[in-house]
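Ligands are counted one by one from 1 in listed order, and the atoms in each one are counted from 1 as well. Values reported hereafter were calculated over all heavy atoms of this structure, with side chains retained and with hydrogens, waters and symmetry mates removed.
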Amino acid sequence: MSDIKKIGILTGGGDCPGLNAVIRAVVFKASEYGWQVMGVRYGWKGMLNADAITLTKADVKDILPLGGTILKTSRTNPYKVDGGEAKVLENARKLNIDCLVAVGGEDTLGVANKLTKAGLKCVGVPKTIDNDLGATDYTFGYQTAVQIASDSMDRLHTTAKSHDRVLVCEIMGRHAGWMTVDAGTSASAHWIFTPEIKGSVGDCCKMLKERYARGDKYGIIAVAEGSEFSDLDVKAASQSTDAFGHVRLGGVAETLAKEIEKCTGIETRHVVLGHTQRGGSPLAYDRILATRLGYKAAEMIKDGQFAMMSSLRGERIDAVPIEEAVKALKTVPQQYYDAAKTFFG
Ligand code: F6P
């Protein structure tokens, strides 16, 4: 057993359903091992400011079904702050934190990996609605976000059909189309655009004209926020980037809807699901996955497996190097998209 007395836990990046389930699991398991737990507030910002609270089983016993994160979050990158790394290490000493559980996506975990090399032992838990982390079959929060997008598109079908309209639905996911392909398939969208494949707006319009000609006078188009097209230029909504250098995406559905209306002459409107996809209570699947991943993170600390991340592999939860998880974005393979394509039209 590693020589641990007190651990810290933080949640970084965009919030995601299931974060509280991880916090609860880590605190319960830590208490079994006799460790104290500090909840670091606002992700890495909390480590720069020594902003932490004590967490006991009594504090977390009822948080499993709650969305968001009781610890709050931020997109702060300590490596973009002058003397940031040294400050984090100093505050870890000040707070007597022997090891830190970082719950996050590629950005948060990338920092955890660097800090472990710098002397602060960290373990990771894979979080993101985008499902774009490597070395794990799924990240927690993903299934809930897909369900929200799928339910929303089910609703779009009935209203689009009533008005003979085309509705274009913009789905989050940054540069990975997992949510869009899965929610689009689940809600039987008539066309799906993803960032991985530069789709043709012209082909989509042809399909819509055919639908209307045969009497199916409505259309649902799922478009990932990071999509690019073979025959349409889309400008990013904003040139502003976060501390990890990511451009804020959004706006593609509006551009696409205008183009479809121009090309088909059919009334076409757009909907941006936005942060609705990150809000609310996690599905049972994500509660269970988050609990298992958090449980494993505590076990990894006990076993001295630092710079590692808990990961879903088939039915198992394993420890994998964080390095492996963050080295490349996990995107939708062509074969996966091709299967979804069968149902277009
Ligand atoms: O990474 C999760 C995510 O929800 C992306 O799908 C989206 O592009 C981004 O975060 C939005 O981030 P923010 O809430 O900081 O604008």
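Counting only heavy atoms of the protein, atom 2 (C) of ligand 1 lies nearest to Asp130 OD2, 3.3 Å. Of the protein's non-hydrogen atoms, the one nearest atom 4 (O) of ligand 1 is Arg278 NH1, 2.8 Å.
Each of the atoms 4 (O), 6 (O), 7 (C) of ligand 1 lies under 4.0 Å from some heavy atom of Met172.
Look at Lys258 and Glu261 and you find no salt bridge, because none of the NZ, NE, NH1 or NH2 atoms lies under 4.0 Å from a carboxylate O.
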Test side-chain contact (heavy atoms from CB on, under 4.5 Å) applied to Ile4 and Lys302, step by step: CA-CA 8 Å; Ile4 299 286; Lys302 175 183 65 90; over 6 Å; no
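Closest to atom 10 (O) of ligand 1 by heavy atom, among His275, Arg174, His246, Arg75, is Arg75. Evaluated by nearest non-hydrogen atom to atom 7 (C) of ligand 1, the leading choice among Glu225, His175, Met179 is Glu225.
In summary, the side chains of His246 and Asp107 do present a donor paired with an acceptor at a separation below 3.5 Å, with no hydrogens or angles considered. Thr56 and Asp59 share a side-chain donor-acceptor pair at under 3.5 Å. Arg292 and Ser310 form no side-chain donor-acceptor contact under 3.5 Å, judged by distance and modelled atom types alone.
When only interatomic distances are considered, the shortest N/O to N/O separation between Gly173 and ligand 1 falls below 3.5 Å.
Residue Ile129 touches ligand 1 through its side chain alone, judged by heavy-atom distances below 4.0 Å.
Of the residues listed (His163, His157, Lys161), the one engaging Tyr218 in a side chain to side chain donor-acceptor pair (under 3.5 Å) is His157, and it is the only one.
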